[in-house]
Amino acid sequence: SRGIITTLQFSPDGSSLAVGDVNRQILVYSTSTGKVTIDDWIHHGAKITCIDWSPDGKHLASGSVDTMVFVWSVEKPMKRIKIPNAHIISISGVGWQDDETLIT
C-alpha cells in the first residue's frame, strides 16, 4: 500500500509529478496519463521530507529524516548519487541553483 504523502513537486515542464511518502518511497507520475512512470526509488532510511527537480528536469533531489540526500536520474532511474550525513538532523529542504548545483 502507498504511504501518506509528505512532499510533492511538479517537473519544470509540468509533464511529471514526483511524490514522496512516509514509507521512504518516491513515485513519479505522468501528468498526461496519471500513470506511474518510476516506482523503484526506495533508498532512504526514513520518510521523505522534501524533493525538487533540477531546472532541466533530468534529475530529482530528495531529502529525508535519515539525514541523507539522493540525486536521482530520470533518464536512468536506477542511477543515483547518495550524499550520506548531509545534515546533522533531518533534511528540511532541497533546491537547485542550476542544473548542476544542489542546495540543502
> Quick check: are there more than 12 heavy atoms from other residues, nucleotides or ligands sitting under 6.0 Å from CD1 of Ile42?
Replying inline: yes
>> I'd like to know if the side chain of Thr33 reaches the main chain of Lys35, judged simply by a donor and an acceptor atom lying under 3.5 Å from each other, with no hydrogens or angles considered.
In response: yes
> Are Ile48 and Val71 connected in a single hydrophobic cluster, I mean Ile/Leu/Val/Met/Phe/Trp/Tyr linked by side-chain heavy atoms less than 4.5 Å apart?
Replying inline: no
> Taking Thr67 for the side chain and Ile89 for the main chain, is one N or O donor matched with an acceptor at less than 3.5 Å?
Replying inline: no
> Between Trp53 and Gln9, is there a donor-acceptor pair closer than 3.5 Å when you use the side chain of the first and the backbone of the second?
Replying inline: yes
> Given Val65 and Thr49, is the side-chain contact (heavy atoms from CB on, under 4.5 Å) satisfied, shown in steps?
Replying inline: CA-CA 7 Å; Val65 172; Thr49 55; 3.6 Å; yes
> Where is the tightest heavy-atom contact between Leu102 and Gly95, given as atom of each residue plus distance?
Replying inline: CD1-O, 3.2 Å
> Taking side chain as C-beta onward, heavy atoms only, is Tyr29 less than 4.5 Å from Val19?
Replying inline: yes
>> Among Leu17, Leu27, Val28, exactly one meets side-chain contact (heavy atoms from CB on, under 4.5 Å) together with Thr37. Which residue is that?
In response: Val28
> How far does OG of Ser11 sit from NZ of Lys58, to the nearest 0.5 angstrom?
Replying inline: 13.5 Å
> Quick one: OG1 on Thr104 to CD1 on Ile83, what's the gap to the nearest 0.5 Å?
Replying inline: 7.0 Å
> Is Ser64 reaching over with its side chain to a backbone N or O of Lys47, donor-acceptor style, under 3.5 angstrom?
Replying inline: yes
>> If we count only N and O atoms by modelled type, under 3.5 Å, do the side chains of Trp96 and Thr101 hold a donor and an acceptor together?
In response: no
> Is the closest side-chain heavy-atom distance between Phe10 and Ser16 below 4.5 Å?
Replying inline: no
> With side chains defined as the heavy atoms from C-beta onward, is the minimum distance between Lys82 and Met68 less than 4.5 Å?
Replying inline: yes
> Would you say the side-chain atoms of His59 and Ser73 include a donor-acceptor pair closer than 3.5 Å?
Replying inline: no
> Which heavy atom in Ser54 sits nearest to a heavy atom in Asp56, and how many Å separate them?
Replying inline: OG-OD1, 2.6 Å
> Does one hydrophobic cluster hold both Val69 and Ile81, with members joined at side-chain heavy-atom distances below 4.5 Å?
Replying inline: yes
> Does Gln25 reach the main-chain N or O of Trp41 with its side chain, forming a donor-acceptor pair under 3.5 Å?
Replying inline: no
> If you take all heavy atoms of Ile91 and Ala86, which pair is closest and at what distance?
Replying inline: CD1-CB, 3.9 Å
> What distance do Ile51 atom CD1 and Leu60 atom CG have between them, rounded to the nearest 0.5 Å?
Replying inline: 5.5 Å
>> Are Val94 and Ile103 packed together at the side-chain level, in the sense that at least one heavy-atom pair is separated by less than 4.5 angstrom?
In response: no
>> So Asp21 and Ile4, do their side chains get closer than 4.5 Å, heavy atoms only?
In response: no
>> Any heavy-atom pair between the side chains of His43 and Trp72 that's under 4.5 Å?
In response: yes
> Judged by atom type as modelled, is there a donor-acceptor pair below 3.5 Å linking the side chain of Arg24 to the main-chain atoms of Gly45?
Replying inline: no
